[in-house]
Every structure is written in C-alpha cells, then in structure tokens.
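What follows is a single structure, written as structure tokens, with notes after it.
Each chain gets a letter, A, B and so on, in the order its sequence line appears, and its residues count up from 1.
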2 protein chains.
Amino acid sequence: MDSESLAIFTSIFTELEIKKYDSFAKKGEFSKKIAFVESGILRAYFNNDRGEEYNKTFFTEGSFVGAYSSLVTGEQNLIDIDCLTDCVLYIAEFQDITQLYDKYPHIERSARILAEYLFVKKEKREIELVTLEAKERYAIFQKEHPNLEQLIPQYHIASYLGITPTQLSRIRSKN
Amino acid sequence: MDSESLAIFTSIFTELEIKKYDSFAKKGEFSKKIAFVESGILRAYFNNDRGEEYNKTFFTEGSFVGAYSSLVTGEQNLIDIDCLTDCVLYIAEFQDITQLYDKYPHIERSARILAEYLFVKKEKREIELVTLEAKERYAIFQKEHPNLEQLIPQYHIASYLGITPTQLSRIRSKN
DNA sequence: TTCATTTCTTTACATATGTAAATGTTTTTG
DNA sequence: CAAAAACATTTACATATGTAAAGAAATGAA
C-alpha cells in the first residue's frame, strides 16, 4: 500500500477495549465491523443444530478479526466471535473501508490480496482436515500457535481440532 | 465489470481441447494458466505422503479452473488437476490477467470479488467437513452436483467426501 | 459377443473417535 | 483458606470409518 492509502486506511480505526467472554460478532446479525487485534485472544466458532460448537479460528495479537463471510457477502452471519481473554482492538466499519476502493485502488488491491491469502489458508486447512488424523492436526496446531495452549482451555483446542475433549486427552496421554 | 474491461478480459482466452485423463496442472509446477470450462469435467486433487488422494474440487461446465493457490502466491503447486472427461476449455495466462489490474481496476475488482467468493465457499466446506458425518456430506454433494454422480466413478465421489469407496458403498446401501 | 479390466459391493476385522458418567485436578471466588 | 465451579482425565461401551480381500456387476476392447 502507498503511504497515502495507508494513512487514510489507518485513520478510520478507533481503539476499543473488550472484556473476556464479551461478544464481537453474533450469529444472525449482518456484520458491519472489522478490527485489528492489538492484544488478547478471540475465537470464531460455528454452532450446529445439535448445539455442538466448532472453533473455526483463533485470532491473536497482530491479526484482523471479523465475520469475513458476512462482511463480503452481506448475508447473515453464521458464526459467533467472542473474546477468550480481555482484548484491545482497533475497530472500523467495514463499509468505511470498501468505500475507499474507488478512490484508492491500492486499498482494494490489499483487499484482493488479503482475500486470496485467506483462501489459501482455508484450502490448507481443508486438506488437513480431510487427510490427517486428529493427532497430526494437533501437532500442526501446536506449531502454528506455540503459546496458545497455555492460555486457553483444552476443550477449545479440541473443538478447533474437530474432536471431543476426551479424544484430545487420549492423544495427549499417548505422547 | 464494464464492457471495455470485459472485452479486454475475454480477448485473452483461447480455445483448447483436452482429452480424458490429460493433465491441466501438475503438483510441483509453478502454475501459470487459468481456464473457463466450456464443456467437460475436471478434478483438483491432493496427494498425501501415503499416496492417498483427496478430491478437492470438481470443475464442470461454466466454472473457472486453475491451481488458484499457486497462481496467487507464486509458490509451487501442491495439487494436481486433470480431466475426468474430454473437455473444451478457454484458456489464458494468469499473468495476462493480473497485468490488466493497473489499467482496468474493474478487472482487479472482479478478482477481489472472486477471491472473496472462493473463500466463502471454502469456509462452508470446512464447516461441513468438521461438523457433518460423511452421510450428510454425501447428501450435500448430490444436491450441489445433481448430474455428476452418473458421470464419474463412485470412488472419485468417495474421495471428495473424504471417505473410502467401501464406506460410500455402505452409506448408499443404507438408503 | 466374449473376455479382460474396471468398478462396486460385501465381509470380517481393526482403529479412531464419540458418549456418558465417574473421578481427579486446577482455578476461581467468597 | 475453604468451598464451589470449571476443567481434565479416565473408564466402559458404542459407532463411524479404515483395511484387506473376495466376489459381483458393469464397462470396454478385441
């Protein structure tokens, strides 16, 4: 991004403190906001008919958090996002960003590159989910989130891996 | 896309016929090409260490086919794409498209929207893979690809569902 | 049409994972 | 600190799915 675009871009974010257990985005809403994680941990999770939760993503320091699918499609949000710890965010209206696209093509370019990057990450995860056993996915999680394991309950990690806490406990005990 | 952008965009594609079993993209290559499927069926699949295949995507009439992750990252391609039937494609160098971005922001906009759309599709699939049993994923496959089941071998569908042909056969026999 | 090849189904057994409940451990809070 | 709550582990049993091999059915080539 050129410096002018970057200046405009950063100017639309404002600081927001948000407490452990507080919600950032709710299922059923039409999501409007995106934020940069200054500090803290959030999770995005899907809730199925049977009331089971699947932790889709953990957001940590330095990443952007938002109900991305809802933001880009304008459809109802299917996932919940909330805080696993107290968080400091820099938050913006997503529309205030998309409105910059016409005047600042470099910002739209960044949006394209981000979307492409997110796709690549999702594809990687898809392949892992299908071709690897939970034990191997656990090893990958530990590599990708070296600190997280100490900071959040194990049942959230199990949910991220797509297994029950019971099964995660078994996997852990076998090493 | 405005009509000028669209005209330029379509002008860079050329027709290509490609036979059943022929390859469109190979693992290890640096992918360069993208194509529109005029007719026929292709599959993108991932091959793990143990030699097991996972069919990631089926491409049918009217869709774009390409090793998307490799194209947008410039990294080595991790997946293979080849024809399950004879195909007629309209093919282009991906770089010839990306080179248009500066001059035709509407084309880059389309690329952004496509990337966002692909992400949303992948996220949907991710959730299905984790939260649904193979039986339910099979029902979704049948809905999303109403004709495909008659046109390709069942073991390719099993591979798409992330199960063995044996398990797919069991699922089918129970309905 | 016939034979060979490919694909599909079935069987028997093994394993990863789920469920439910009991128990142990850690953390929170009054 | 003590009690309660939250979390993690273990146990016993159930189930979805894998593996390997055999047999059945469908397809394709001579």
Side-chain angles (χ1 to χ4, degrees), chain A residues 19-22 41 43 45-55 58 82-86 126-142 145 147-175, chain B residues 19-22 41 43 45-55 58 82-86 126-142 145 147-175:
Chain A
K19 290 278 166 211
K20 188 172 177 177
Y21 304 127
D22 280 358
I41 305 168
R43 68 174 176 128
Y45 58 100
F46 177 80
N47 227 301
N48 75 5
D49 325 328
R50 304 160 201 142
E52 300 153 352
E53 278 181 8
Y54 162 54
N55 280 166
F58 296 117
D82 49 45
C83 297
L84 295 177
T85 67
D86 293 355
E126 173 193 2
I127 291 172
E128 289 167 3
L129 284 168
V130 177
T131 64
L132 302 181
E133 308 236 309
K135 179 182 173 166
E136 301 169 279
R137 299 203 300 277
Y138 179 50
I140 290 172
F141 164 81
Q142 289 177 310
H145 297 283
N147 331 316
L148 221 47
E149 200 161 3
Q150 283 70 42
L151 299 176
I152 63 177
Q154 228 141 88
Y155 60 81
H156 276 142
I157 297 170
S159 166
Y160 176 80
L161 299 174
I163 57 178
T164 57
T166 304
Q167 183 62 11
L168 178 54
S169 182
R170 286 189 191 112
I171 289 169
R172 285 161 53 85
S173 74
K174 274 176 202 153
N175 293 315
Chain B
K19 291 278 166 209
K20 187 172 178 177
Y21 303 126
D22 281 359
I41 305 168
R43 69 176 176 126
Y45 58 101
F46 177 80
N47 227 300
N48 74 4
D49 325 328
R50 304 160 199 142
E52 300 153 352
E53 277 181 9
Y54 162 54
N55 280 165
F58 296 117
D82 50 44
C83 296
L84 295 177
T85 67
D86 293 355
E126 174 193 2
I127 290 172
E128 289 168 1
L129 284 168
V130 177
T131 64
L132 303 181
E133 309 237 307
K135 180 182 173 167
E136 301 170 277
R137 298 204 301 277
Y138 179 50
I140 291 172
F141 164 81
Q142 290 177 309
H145 296 284
N147 330 316
L148 220 49
E149 200 161 3
Q150 283 69 43
L151 299 175
I152 63 177
Q154 229 140 86
Y155 59 81
H156 276 142
I157 297 170
S159 166
Y160 175 80
L161 299 174
I163 56 178
T164 58
T166 305
Q167 183 61 11
L168 178 54
S169 183
R170 286 190 190 111
I171 289 168
R172 285 160 53 84
S173 73
K174 273 176 202 153
N175 293 314

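- Side-chain contact between B/I171 and B/L161 is absent, with no heavy-atom pair separated by less than 4.5 Å.
- Atom P of nucleotide C/dT6 and atom CG of B/L84 are separated by 16 Å, given to the nearest angstrom.
- For residues 151-161 of chain A, proximity to DNA chain D is found at A/P153, A/Q154, A/Y155, defined as any non-hydrogen atom under 4.0 angstrom from a strand atom.
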Identify all side-chain donor-acceptor contacts of residues 149-158 of chain A below 3.5 Å with residues at least two apart in sequence or on another chain.
unit_1, atom_1, unit_2, atom_2, d
A/E149, OE1, A/Q142, NE2, 3.0
A/E149, OE2, A/Y138, OH, 2.3
A/E149, OE2, A/R172, NH1, 3.2
A/Q154, OE1, A/R172, NE, 2.9

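- In this structure, the separation between CD on B/E126 and CG on A/L129 is 6.0 Å, given to the nearest 0.5 Å.
- When every heavy atom of A/Y54 is checked against every heavy atom of A/Y160, the shortest pair comes out as CE1-O, 3.6 Å.
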Base-contact (B) and sugar-phosphate-only (S) positions in nucleotides 14-30 of chain D, heavy-atom cut-off under 4.0 Å, - elsewhere: --SBBBB----------
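- The minimum heavy-atom distance between A/G162 and B/V130, with the atom names listed, is CA-CG1, 3.7 Å.
- Note on the helix from C/dT1-D/dA30 to C/dG30-D/dC1: terminal axis deviation equals 40°, with five pairs used at each end and the result rounded to 10°.
- Taking atom CD of B/E149 as the reference point, atom P of C/dT7 lies 16 Å away to the nearest angstrom.
- In this structure a side-chain-to-backbone donor-acceptor pair under 3.5 Å is missing from A/R43 to A/L84.
- Across A/T85 and A/I41, no two heavy atoms sit closer than the pair OG1-N, 3.0 Å.
- Among residues at least two apart or in separate chains, there is no salt bridge (charged side-chain N to carboxylate O under 4.0 Å, His left out) pair with a member in residues 152-167 of chain B.
- Using a 4.0 Å cut-off between charged side-chain N and carboxylate O, A/K20 and A/D86 make no salt bridge.
- In terms of the salt bridge (charged side-chain N to carboxylate O under 4.0 Å, His left out) criterion, A/D22 has no residue partners (sequence neighbours excluded).
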